[in-house]
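Numbers restart at 1 for each chain; the letters A, B, ... are given by sequence-line order, proteins then strands.
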There are 2 protein chains.
Amino acid sequence: MTRKSPPKRITIHDVASDAGVSFSAVSKVLRDAYGVSDALRARVNESIAKLGYTPNTAARGMRGKTHVIGVIFPDMRNPYFADVLSGISAALERTTYQMVQGIVQHSTEAALVQSMMNMQLDGLIIVGSISTSEELSGVAARLPLVVDGHHLPNATSFDTVNNDDAESGRIAVRHLVEQGYRKIAMLSLETHNGSVIERREAGYEEAMRAAGLGRHIEIARAPQSLRDIQVVTQSLIEKRVEAIFCWTDYVALEAMSVAGSLGLSIPRDVAIVGHDNTMYCGFEQNSLTSLDQSGEQSGLQAARLLIERIEGRQKAEHFLIHPRLVARRSSAAPA
Amino acid sequence: MTRKSPPKRITIHDVASDAGVSFSAVSKVLRDAYGVSDALRARVNESIAKLGYTPNTAARGMRGKTHVIGVIFPDMRNPYFADVLSGISAALERTTYQMVQGIVQHSTEAALVQSMMNMQLDGLIIVGSISTSEELSGVAARLPLVVDGHHLPNATSFDTVNNDDAESGRIAVRHLVEQGYRKIAMLSLETHNGSVIERREAGYEEAMRAAGLGRHIEIARAPQSLRDIQVVTQSLIEKRVEAIFCWTDYVALEAMSVAGSLGLSIPRDVAIVGHDNTMYCGFEQNSLTSLDQSGEQSGLQAARLLIERIEGRQKAEHFLIHPRLVARRSSAAPA
DNA sequence: TGTTGTCCGTACAACGTTGTACAAAATTGT
DNA sequence: ACAATTTTGTACAACGTTGTACGGACAACA
């Protein structure tokens with residue numbers, strides 16, 4: 001409709017002249033600073049509502065806080081992250097903080113962090129970081145930081161939230177052993193700069209040894225590509241493993257697919273356990289046993305910690321979530 | 001490690017004094033404006049690299065462009081959006097533009113748009129918008145806008161990218177008819193403010209009539225919740241439909257799950273077709289026939305249009321993508 | 001009535017850029 | 001050698017906030 005009209009932005013000055021006060025007074029109301037009468041406050045708020053004023057984040061960034069936090073996700077394909085996001089949203093609901101996301105797709109985590117710092121965001125939650133402890137400390141020196149999904153319990157300058165991943169590995173193995181499986185392999189991730197997968201592997205090995213199955217320990221690693229996962233799964237199957245514990249659900253679903261293509265039946269020929277208990281696990285055709293690390297809870301805690309930190313906390317906190325097994329048909333006892 | 005050191009931000013002034021020039025000169029280099037000698041440019045660029053300077057986006061937002069665009073997604077659960085994001089990333093790769101995402105979870109689309117405007121972003125791509133044409137025109141009056149997944153071919157103030165959704169509906173029906181199915185139902189979405197689902201329904205109806213199956217037209221609508229989808233699917237099955245065309249893949253997978261739970265086999269008892277051809281379709285246990293609307297292509301075009309618009313194009317463009325059927329076992333001809 | 005505080009509201013200097021206006025220097029033409 | 005022109009670099013006023021400094025009004029106390 002409108003060709004190229006000049007849609008003037010409503011500023012604090014417009015509000016001030018509408019309310020008949022100085023622009024500084026409006027600023028005071030916005031920051032609810034000391035030294036404004038109730039009458040003035042009411043008048044200003046009325047004008048704000050009437051004009052539909054919203055503060056300019058860019059201008060705020062030049063001076064104090066922007067009231068915006070950034071959340072960085074490693075990818076958008078894994079529906080687990082949607083749960084984390086829900087948790088963060090829920091925690092932000094009753095606060096004045098807004099949120100923007102950055103998703104590591106083509107760009108790098110470091111570039112995204114830089115970009116968000118340049119926007120002067122008030123704090124950052126990095127989910128599934130692949131950065132080193134040093135890099136993260138560098139970030140934390142410049143703005144409040146919470147890392148979700150990277151075990152760094154000795155970090156002093158930022159907080160972390162994590163699933164007890166060693167426990168995940170142990171639970172998976174114990175469950176499969178109880179169900180009667182012995183030759184239990186793990187299908188892991190090839191390159192993992194985070195410490196999450198290491199711990200799952202460690203938990204897996206520990207439980208295998210504890211069950212007297214040390215000789216059956218077998219960890220196969222594949223990169224994230226579906227093709228590679230197929231190849232590695234196939235080689236595990238050829239080795240006649242009885243069960244496969246996969247580092248995340250979609251890998252488990254792919255493993256299931258490979259087994260199916262080879263004419264094998266699950267769990268009779270091979271049992272499968274996944275991780276994250278994403279929505280696809282519950283579908284009848286998958287019926288995938290999985291470890292639930294409650295992404296929602298994870299996000300909630302991360303946001304809570306970040307806000308505390310923005311508001312002044314200095315001492316680091318490290319929150320651990322206890323995983324819970326959700327058993328389904330894919331790991332039922334063989335008949 | 002560091003307690004509360006003052007990590008001074010490196011500004012244009014620091015670069016200027018390092019290079020021994022005025023700060024305005026540095027700004028000129030950054031904007032590559034007219035009137036800088038190659039010598040000065042080189043010197044400045046050297047200092048920039050040496051100091052690791054990056055421009056402050058907030059400050060840029062106060063004056064010209066931020067070189068950041070915003071992308072708004074309706075949710076993070078549907079892996080289709082990951083493809084769209086890939087396309088956008090790819091298009092931005094060789095440009096100077098950065099990107100941040102906003103995901104409509106607890107907050108509203110309008111709130112996210114407002115928030116991104118307040119950050120003074122250079123442009124916006126809204127994917128799967130539920131806003132009205134008027135609301136979108138309002139946004140477009142204030143900044144360059146591209147809408148992906150909302151048919152508004154008469155919009156003059158913003159661009160759109162869409163799948164030919166009527167064609168999707170027609171293709172799905174024609175395919176099922178060819179395979180020998182007659183009682184073909186559609187499982188649609190209950191509340192759809194976008195025009196995408198309407199068109200799919202229209203295409204479905206049109207093709208049904210064209211095939212002389214008008215009397216078998218049956219559109220069932222369910223909200224996004226899994227529980228509701230189950231109930232609606234079950235009622236379709238009780239009506240003994242032979243095939244179900246679902247508006248998106250995860251609904252199709254859920255329908256498949258319901259059928260399986262009822263002891264039915266696919267496609268013998270009921271055929272299923274999904275939409276978006278997401279990664280889960282290819283898994284053997286699903287083997288779901290689906291319509292591919294190439295999210296990657298969609299994102300690529302949206303980003304291209306946005307950049308053109310940021311750089312001055314006024315005339316609206318509307319890009320249409322042609323869907324392609326990927327046939328799998330879920331719609332094979334009954335034996 | 002003068003003095004001392006409180007309270008409320010205003011003035012104004014940042015913040016780090018962009019882009020316009022202008023001065024100085026270098027180059028060209030005569 | 002001197003004016004005219006072009007090229008190169010600098011100065012500075014925005015942009016919309018925050019937060020500190022300050023002034024004026026009014027009440028309380030002597």
query: What is the bend of the helix from C:dT1-D:dA30 to C:dT30-D:dA1 when you compare the axis at one end with the axis at the other, using five pairs each and rounding to 10°?
result: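 The angle, to the nearest 10 degrees, is 50°.
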- prompt: Strictly by modelled atom types, are A:Ser47 and A:Arg43 linked by a side-chain donor-acceptor pair under 3.5 Å?
  reply: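 Not at all, the side chains of A:Ser47 and A:Arg43 share no donor-acceptor pair under 3.5 Å.
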message: Less than 3.5 Å apart, any donor N or O on the side chain of A:Gln120 or B:Thr57 sitting next to an acceptor on the other?
response: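 Short answer, no.
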Whole angstrom is fine here: how far is it from [atom1] in [X] over to [atom2] in [N]?
{"X": "A:Met119", "N": "C:dT17", "atom1": "CE", "atom2": "P", "result": "15 Å"}
{"X": "A:Tyr34", "N": "D:dT20", "atom1": "OH", "atom2": "C1'", "result": "15 Å"}
{"X": "A:Ile12", "N": "C:dT10", "atom1": "CD1", "atom2": "P", "result": "13 Å"}
{"X": "A:Asp32", "N": "D:dT18", "atom1": "CG", "atom2": "C1'", "result": "14 Å"}
{"X": "A:Ile10", "N": "D:dC15", "atom1": "CD1", "atom2": "P", "result": "16 Å"}
{"X": "A:Gln120", "N": "D:dT17", "atom1": "CD", "atom2": "P", "result": "16 Å"}
{"X": "B:Leu30", "N": "C:dG19", "atom1": "CG", "atom2": "C1'", "result": "13 Å"}
{"X": "B:His13", "N": "C:dA14", "atom1": "NE2", "atom2": "P", "result": "12 Å"}

task: Kindly state which residues belonging to residues 39-62 of chain A come within less than 4.0 angstrom of DNA chain C, counting heavy atoms of the residue only, listed by number.
output: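 Listed by number, they are A:Leu40, A:Met62.
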- prompt: Is there a residue in residues 20-29 of chain B whose heavy atoms reach under 4.0 Å of DNA chain C, and which residues are they?
  reply: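 Hits under 4.0 Å, by residue number: B:Phe23, B:Ser24, B:Ser27.
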query: So, are B:Arg9 and B:Asp14 salt-bridged, with charged N and O less than 4.0 Å apart?
result: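 Looking at B:Asp14 together with B:Arg9, the answer is no, because their closest N to O distance does not fall below 4.0 Å.
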query: Does A:Arg304 pair with A:Glu308 as a salt bridge, N-O distance under 4.0 Å?
result: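 Counted as a salt bridge, because a side-chain N and a carboxylate O are separated by less than 4.0 Å.
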query: Within the modelled atom types, does a donor on one side and an acceptor on the other bring the side chain of B:Arg31 and the base of C:dG19 under 3.5 Å apart?
result: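 Counting by modelled atom types and ignoring angles, a donor-acceptor contact under 3.5 Å is found here.
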- prompt: Nearest to the side chain of B:Arg63 - D:dT8, D:dG16, D:dC15?
  reply: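 Given the options D:dT8, D:dG16, D:dC15, the side chain of B:Arg63 is closest to D:dC15.
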Any donor-acceptor pair under 3.5 Å linking the side chain of [X] with the backbone of [Y]?
{"X": "A:Arg313", "Y": "A:Leu306", "result": "no"}
{"X": "A:Gln101", "Y": "A:Gly70", "result": "no"}
{"X": "B:Asn162", "Y": "B:His150", "result": "yes"}
{"X": "A:Asn78", "Y": "A:Phe81", "result": "no"}

- prompt: Got a second to check how far A:His151's NE2 is from A:Thr160's OG1, nearest 0.5 Å?
  reply: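 A:His151 atom NE2 to A:Thr160 atom OG1 measures 8.0 Å (nearest 0.5 Å).
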- prompt: How long is the span from the CG atom in A:Asp83 to the CD1 atom in A:Ile88, to the nearest 0.5 Å?
  reply: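 Interatomic distance, A:Asp83 CG to A:Ile88 CD1, rounded to 0.5 Å: 11.0 Å.
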query: Only one of B:Val68, B:Asp122, B:Thr66 clears side-chain contact (heavy atoms from CB on, under 4.5 Å) with B:Tyr97; which?
result: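 By the side-chain contact (heavy atoms from CB on, under 4.5 Å) criterion, B:Tyr97 pairs with just one of B:Val68, B:Asp122, B:Thr66: B:Asp122.
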- request: Indicate whether OP1 or OP2 belonging to D:dT7 is found under 4.0 Å from a side-chain N or O atom of B:Ser37.
  value: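 Result: no.
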